[in-house]
Amino acid sequence: KFTPLTVALYTIFCDPSNSNLFATAGRDQFARIYDRRKLGEEVEPVVKFCPHNLVAQGRHENITCLVYSNDGRELLCSYNDEDIYLFDTRHSSGAEHSKSYRGHRNNATVKGVNFYGPSSEFVVSGSDCGHVFLWDKESEEVVQFLEADQAGVVNCLEPHPFGAFLATSGLDHDVKIWMPTAGETTHLNGLEECIDKNEREREQERQMPHDMMSEHFMRMIMRQFRRSRRHDVDENEDESDSEESEEEESDEGEDEDEGERIVCRQS
């Protein structure tokens, strides 16, 4: 018997080659593909994927972002404080991933992931260290390494639909547009040190006890903090509007006083 499962969703992506299919992922380890023609009271995915190592080890990582390749044959999933995994969408449920990409760190915020290139030849992701990582999809090797955020975290990456441009954004206030223009081979200075640091911090984080209750309270605190910030902003805007209104009334009153002072009566 089918048992409904409620999973908080982080990401939804439609299959570019078949408008009936879409993939979802969220607060668990599975990427699920659904067929909208089969959506009824009992909604089951037509296929779902998860790296075998995460299932076997009983890990608590979840997917922060997933995307289809340009032809819909591959599904790319970025896991929280884990690697990025590539799945073949033509495989059946339970199939192992075909490729994986590592070196970055996806922990501090919700990271995006994407393909890059007209035929999805590359994989691109942001990182907690403030860099953009670009991997060759087939070899799984890092081929580009860019310092992309002064505040230290790169979250969003969006390639141009047909040009060789890449837009990125993070915690600083700038959206950056990148384009390959170098005429010489790129020297990935500092890459090994950065990867070592990211992996060392990841392992240190894993050694800490996993406390679902603490995570729940932390999410509640962050949600309340964001609401409080929005409330403060609204109050400041109201106070600013009130002050401007009082200033306008004061100016009008002064104008009236001045008007009264310049009226002369005949003696």
Side-chain angles (χ1 to χ4, degrees), residues 9-19 21-26 30-33 49 51 61-89 97-149 152-172 174-181 186 188 191 194-195 198:
L9 296 183
Y10 291 149
T11 177
I12 302 175
F13 207 94
C14 295
D15 186 336
S17 66
N18 186 343
S19 60
L21 302 179
F22 63 94
T24 70
F30 291 94
R32 297 172 173 86
I33 298 178
F49 301 112
E61 284 77 3
N62 56 75
I63 299 173
T64 62
C65 182
L66 57 71
V67 291
Y68 276 101
S69 60
N70 68 308
D71 57 9
R73 294 185 176 183
E74 294 170 315
L75 191 65
L76 193 63
C77 302
S78 180
Y79 281 78
N80 177 55
D81 227 3
E82 242 287 341
D83 297 340
I84 297 169
Y85 294 94
L86 185 71
F87 297 94
D88 190 325
T89 58
H97 64 276
S98 56
K99 303 283 184 181
S100 64
Y101 311 92
R102 63 183 312 160
H104 71 305
R105 189 155 190 237
N106 176 4
N107 181 62
T109 57
V110 177
K111 301 290 183 304
V113 69
N114 223 318
F115 289 98
Y116 182 71
S119 299
S120 301
E121 302 97 325
F122 301 95
V123 171
V124 61
S125 172
S127 176
D128 290 350
C129 59
H131 293 87
V132 169
F133 286 77
L134 191 76
W135 296 266
D136 179 86
K137 186 179 71 176
E138 295 302 322
S139 70
E140 307 176 10
E141 296 294 327
V142 177
V143 295
Q144 186 56 281
F145 169 70
L146 305 166
E147 187 173 353
D149 193 90
V153 178
V154 180
N155 293 322
C156 302
L157 311 99
E158 191 66 34
H160 193 278
F162 52 83
F165 301 98
L166 177 70
T168 67
S169 65
L171 295 187
D172 66 17
D174 300 321
V175 175
K176 302 172 182 65
I177 307 297
W178 307 85
M179 178 179 180
T181 58
T186 302
L188 306 178
L191 174 62
C194 183
I195 291 177
N198 287 339

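Take Cys77 and apply the side-chain contact (heavy atoms from CB on, under 4.5 Å) test, not counting sequence neighbours, and it matches Ala31, Ile63, Leu66, Leu75, Tyr79, Phe87. Listed by chain and number, the residues in a ring pair (Phe, Tyr, Trp, His ring centres under 6.0 Å) with Tyr68 amount to none (sequence neighbours excluded). Under the rule for a salt bridge (Lys or Arg N to Asp or Glu O under 4.0 Å), the partners of Asp83 that lie at least two apart in sequence or sit in another chain are Arg102, Arg202. With sequence neighbours left out, Ser98 forms a side-chain contact (heavy atoms from CB on, under 4.5 Å) with Leu86. Residues passing the side-chain hydrogen bond (donor to acceptor under 3.5 Å, both in side chains) test with Asn62: none are found, sequence neighbours excluded. Partners of Lys137 according to the side-chain hydrogen bond (donor to acceptor under 3.5 Å, both in side chains) rule, which considers only residues two or more places apart in sequence or in another chain, are Glu74. With sequence neighbours excluded, no residue satisfies side-chain hydrogen bond (donor to acceptor under 3.5 Å, both in side chains) with Ser19. With sequence neighbours left out, Thr64 forms a side-chain hydrogen bond (donor to acceptor under 3.5 Å, both in side chains) with Asn106. Scanning for salt bridge (Lys or Arg N to Asp or Glu O under 4.0 Å) contacts around Asp172 gives Lys176, with sequence neighbours left out.
Between the OG1 atom in Thr186 and the CG atom in Leu191 there is a gap of 11.5 Å [rounded to 0.5 Å]. We find the OG-NZ distance between Ser139 and Lys99 to be 8.0 Å, quoted to the nearest 0.5 Å. Once rounded to the nearest 0.5 Å, the distance linking CG of Asn114 with CZ of Phe13 reads 6.5 Å. A distance of 9.0 Å separates CG of Leu76 from OG of Ser69, quoted to the nearest 0.5 Å.
The minimum heavy-atom distance between Thr109 and Asp128, with the atom names listed, is N-OD1, 4.2 Å. Annotation for Asp15 and Gly72: closest pair OD1-CA, 3.5 Å, computed over non-hydrogen atoms. Minimum heavy-atom separation, Asn70 to Pro118: ND2-O, 3.6 Å. In terms of heavy-atom proximity, Ala148 sits nearest to Val132 at CB-CG2, 3.6 Å. Here the shortest heavy-atom pairing between Asp149 and Gly152 reads OD2-N, 3.1 Å. For the residue pair Arg105 and Ser127, the shortest heavy atom distance occurs at N-OG, 3.0 Å.
The ring-ring contact (aromatic ring centres under 6.0 Å, His included) contacts involving residues 108-134 comprise His131-Phe145, Phe133-Trp135, Phe133-Phe145, where partners must be two or more places apart or lie in separate chains. Residue pairs that meet the salt bridge (Lys or Arg N to Asp or Glu O under 4.0 Å) test with at least one member in residues 116-125, sequence neighbours left out, do not exist here. Residue pairs meeting the side-chain hydrogen bond (donor to acceptor under 3.5 Å, both in side chains) criterion with at least one member in residues 156-171, sequence neighbours excluded: Thr168-Trp178.
Between the side chain of Thr89 and the backbone N or O of Arg73, at least one donor-acceptor pair lies under 3.5 Å. Judged purely by atom type and a 3.5 angstrom limit, Asn198 uses its side chain to pair as donor or acceptor with the backbone of Gly103. Side chain of Thr11 to backbone of Ala25: no donor-acceptor contact under 3.5 angstrom is found.
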May I have the step-by-step check of side-chain contact (heavy atoms from CB on, under 4.5 Å) for Cys65 and Lys111, ending in yes or no? CA-CA 7 Å; Cys65 182; Lys111 301 290 183 304; over 6 Å; no
Ile84 vs His104, side-chain contact (heavy atoms from CB on, under 4.5 Å): CA-CA, chis, key distance, verdict: CA-CA 9 Å; Ile84 297 169; His104 71 305; 3.6 Å; yes
Given side-chain contact (heavy atoms from CB on, under 4.5 Å), test Tyr101 with Val113 step by step and report yes or no. CA-CA 11 Å; Tyr101 311 92; Val113 69; over 6 Å; no
